Amino acid sequence: MVLEGQCAVHVGAVIDGKGLARSLLASAARPGTHILRFSLEDGLPKVLVIWGTGLAGGSSLSVSVTLDGSAVSLGSVAAPINETAAALCLEPKWTAKQIKAAGAMGKAQRMAKLAVTTEPVAHADASNDKPSATSTTVAKPSPAGDKATLHGKRKLEESATQGKGTTSKSAKSADQAPSTGSAATTPELAPSTKGLEDSGVALSPRPVEKRGRYAKKREDSVARQKIDFAEVVGACPSARWGHSLSLLSDGSCFLFGGQGARGQLSKDPAWLLSADLQWTAVGNASGPSPATRMGHAACTNTEGNMVYVFGGAKNKRFFDDVHSFEKATNTWKIHKSKGGDAPFRSYHSMTERRGELIVWGGVHPNPHPHPDSCSDQLFIFNIEQENWYRPLVVGTPPCPRSGHSATLIDGNTLVIFGGWDSPTCFNDTYLLDLSTFEFSKLQPTGQAPSPRSWHVACVLPKHLGEQRLLVYGGYDGEDALSDAFVLDLKANSWHKVRTPLFPAPRAGLAGFVDPRTESVAFWGGGDNEGNFFQDLLQLRIDDLEVA
């Protein structure tokens, strides 16, 4: 399939100094330069693997890598067509100076930037637009408009509130080429080996022996790819970030809110994803529906048949309203406060427990000279009585922040991780005992995630007494991230996820764990390079392989 006036390229992986495949997945459905980032902890990559869908014959891809601010041209490769793949051998191209610089960057956990430049694809004759029986097609993406980046004070928050702030060095110049498409329905990550027979790249690695709940990597094997891009039937929501995704008891999910291209709030704010992966727009619902927004928080009740939405922002307006949506009756309800002052918040966390909504942190309007301050306050909304109150907290609470995650474990403890308060990102971990409202700081061993906000955190199903938290993606104040980590709360230790290979860096995404299928899914997000996603990523929990 040829996309008229566009091109699509999937940069799959680099093979690092240990022969392990590192994730560099990106789906770029537009001409121009596409920026990806990769870790240098195991040295410079040996091989770059690229496969394409919708690329016309004769197209080429030029590749460069930026190390310590200096771009290094690595040459070009003929663009692969449909399911074919191409490999660019990088190992002979590195100089001693570049290897030394990469080593220093790896020790400092700094990411290198890979730029893949594609040429526009001219209109192809219809006779060349017939895919083979084994080829994969890519749906033409919806327009994504101008680039939107996370820049200035509070990054994602400013894209909703349009507040003032300084521009970080990651912000892009105004004359950059605008984005013309968001990520389209992406093929499963299993390219054919055509064109790679002589490259020495192993795309079908030897199996990894599983030991216990996780599969420990073998040093002599190439990491396996286990992330699936789910085939979604029919229409799907527009690409966005800053949305919410809530799992209901019948296996369906409720999507609400978010922001897409050109800084526009999503005009199709509410969708349902069925258990068999069919999206349905929520239309003609009865009752007062919430205004379109981003940076809100949403959660389901204990029974799993109701979704609650609180707060968020729209342009310069902050919200303090509580709404609920009942799928069975397709009905919205607004819960007007009958007591206590409702807080105005965005990029906060919210969890339902025993008929109460527990809200912590977030951004709030500030009457003082500094706009958009972060909060460290704990608020609780009693759903039945419809009143707000602030409990007396003890212990050592986290400092004010937004864009953090707060995940309920064992029905009684919140695990708070990461977040942002300009100009600082955090990677600390706190526990909040909801019986005593006591905060305590956790000091896990192992390799902790780098500081981040706007990530996703999910509790994994228990196995053999383990209690584990999966953290994926996010934003570090300059770049979107693609790495993932598991926090073993029983052992009080962090473990970096080595495989599966997670896709393109993304922040502002949402995710959930389906205990019935023991899988975790992620939807949407943005990469801070003008690309927004509308793909559904699925991962079987048994396929997690940690360091």
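Because the structure is predicted, anything quoted here is derived from the model rather than measured. Just so you know, residue 1 is the first one in the sequence shown, and it goes up from there. For the numbers below, each heavy atom of this structure counts, side chains included, while hydrogens, waters and symmetry mates do not.
Checking side-chain atoms of Q467 against main-chain N and O of K490 turns up no donor-acceptor pair under 3.5 Å. The main-chain N or O of E438 is never found under 3.5 Å from a side-chain atom of D433 such that the two would form a donor-acceptor pair. Within the 3.5 Å criterion, the main-chain N or O of G524 finds no donor-acceptor partner in the side chain of R240. Between the side chain of D410 and the backbone N or O of N412 there is no donor-acceptor pair closer than 3.5 Å. For the pair N492 (side chain) and L442 (backbone), a donor-acceptor distance under 3.5 Å is absent. In this structure a side-chain-to-backbone donor-acceptor pair under 3.5 Å is present from H296 to F256.
V456 approaches C458 most closely through the heavy-atom pair CG2-SG, 4.2 Å. Here the closest heavy-atom approach between residue P451 and residue L481 is recorded as O-CD1, 4.3 Å. When all heavy atoms of F426 and P400 are compared, the pair lying nearest together is CE1-O, 4.0 Å. For the residue pair L247 and D514, the shortest heavy atom distance occurs at CD2-CA, 4.0 Å. In terms of heavy atoms, C299 sits closest to S246 at N-OG, 4.0 Å. Contact record, I541 with P461: CD1-CD, 3.2 Å, taken as the closest heavy-atom pair.
Taking the six-membered ring for Trp, Y430 and W360 have ring centres at least 6.0 Å apart. Aromatic ring centres of W523 and F512 lie farther apart than the 6.0 Å criterion allows. Residues H348 and F379 keep their aromatic ring centres 6.0 Å or farther apart.
The line from CD of E356 to OG1 of T302 is 11.0 Å long, rounded to the nearest 0.5 Å. Here CG of L469 is found 8.5 Å from OG1 of T429. Values are rounded to the nearest 0.5 Å. Taking CD1 of I358 as the start and OG of S349 as the end, the distance is 9.5 Å to the nearest 0.5 Å. Atoms NE2 and SG, on H404 and C425 in that order, are 13.0 Å from each other to the nearest 0.5 Å. Atom-to-atom distance recorded for K100:NZ and T95:OG1 is 11.5 Å, nearest 0.5 angstrom. Atom SG of C236 and atom CG of L536 lie 10.0 Å apart (nearest 0.5 Å).
At a threshold of 4.5 Å between non-hydrogen side-chain atoms, the residues R452 and D483 count as touching. Here the side chains of L432 and T413 are not in contact, with every heavy-atom distance at 4.5 Å or above. At least one side-chain heavy atom of L487 sits less than 4.5 Å from a side-chain heavy atom of P444. Looking at heavy atoms from C-beta onward, L509 lies out of side-chain contact with L537 at the 4.5 angstrom threshold. N528 is not listed as a side-chain neighbour of W454, based on a closest heavy-atom distance of 4.5 Å or more. Looking at F417 and N427, their side chains come closer than 4.5 Å, going by heavy atoms from C-beta outward. Looking at L544 and L460, their side chains come closer than 4.5 Å, going by heavy atoms from C-beta outward. In this structure the side chain of V459 never reaches within 4.5 angstrom of the side chain of V513, judged on heavy atoms.
W241 pairs in a ring-ring contact (aromatic ring centres under 6.0 Å, His included) with only one of the listed residues (F533, F532, Y347), which is F532. When each of R401, K441, Q443 is tested with D428 by the rule side chain to side chain donor-acceptor pair (under 3.5 Å), just one qualifies, namely R401.
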Step by step, would you call L414 with R353 a side chain to side chain contact (heavy atoms under 4.5 Å, CB included)?
CA-CA 10 Å; L414 278 181; R353 176 181 178 267; over 6 Å; no
When you look at E352 and T300, which way does the side-chain hydrogen bond (donor to acceptor under 3.5 Å, both in side chains) test go after all the steps?
CA-CA 7 Å; E352 192 274 349; T300 54; over 6 Å; no
Any chance you could lay out the side chain to side chain contact (heavy atoms under 4.5 Å, CB included) test for L408 and L434, step after step, and finish with the verdict?
CA-CA 10 Å; L408 184 66; L434 296 177; 3.8 Å; yes
Hey, mind stepping through V415 and L431 against side chain to side chain contact (heavy atoms under 4.5 Å, CB included) and telling me if it holds?
CA-CA 5 Å; V415 181; L431 303 180; 3.7 Å; yes
So N531 and R506, side-chain hydrogen bond (donor to acceptor under 3.5 Å, both in side chains) or not? Walk me through it.
CA-CA 9 Å; N531 298 307; R506 59 184 71 191; over 6 Å; no
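Ring geometry for Y472 against F522 counts as tilted: the plane angle lies between 30° and 60°, on a 0 to 90° scale.
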